[in-house]
Amino acid sequence: MSVYEANSCHLREVLIFCFNMKKSAAEAHRMLSNTYGEATINERTGRKSLQRFKNGDFHVEDQHSGGGEKVFEDAELEALLDQDSCQNQKEMARSWKVTQPAI
């Protein structure tokens, strides 16, 4: 028997259910934690989602702001490494003026 692992969209849908049941963020967090375990969402995230629902925003899909930092593709990184194969991630990030996680 496999164990279902809830994804972020599913959890937001469950939060809509909690919102419609007039549950507080603490109650919703407790329900989710009891059902899916502690690793689901924290109470603060639930509070933000419930506030969005209160404002009429019921989107459950992951939304990207579009303003995030650039994430580099393998081909771009390989080209950079071809120029200087001794570079580490920190040096590549510095030369491209991005954060190390972007690399």
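Residues: numbered from 1 along the sequence shown.
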Within-4.5 Å side-chain heavy-atom neighbours: [X] and [Y]:
| X | Y | result |
| --- | --- | --- |
| T45 | N42 | yes |
| M31 | C18 | yes |
| V14 | Y36 | yes |
| F19 | R52 | no |
| V60 | L15 | no |

### Query
Which atom names give the shortest non-hydrogen contact between A28 and L50, and what distance separates them?
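Minimum heavy-atom contact is CB-CD1, 4.5 Å.
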#### Entry: Other residues, nucleotides, ligands: >12 heavy atoms within 6.0 Å of F58 CZ
yes
With rounding to the nearest 0.5 Å, note down the distance linking [atom1] in [X] to [atom2] in [Y].
| X | Y | atom1 | atom2 | answer |
| --- | --- | --- | --- | --- |
| R30 | T35 | CZ | OG1 | 12.0 Å |
| N7 | R12 | CG | CZ | 8.5 Å |
| S8 | I41 | OG | CD1 | 10.5 Å |
| S49 | I16 | OG | CD1 | 9.0 Å |

### Query
By side-chain contact (heavy atoms from CB on, under 4.5 Å), which residues pair with E43, not counting sequence neighbours?
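side-chain contact (heavy atoms from CB on, under 4.5 Å) list for E43, sorted by chain: A25, A26, H29, R47.
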### Message
Is the distance from the ring center of F53 to that of H59 below 6.0 Å?
### Response
no
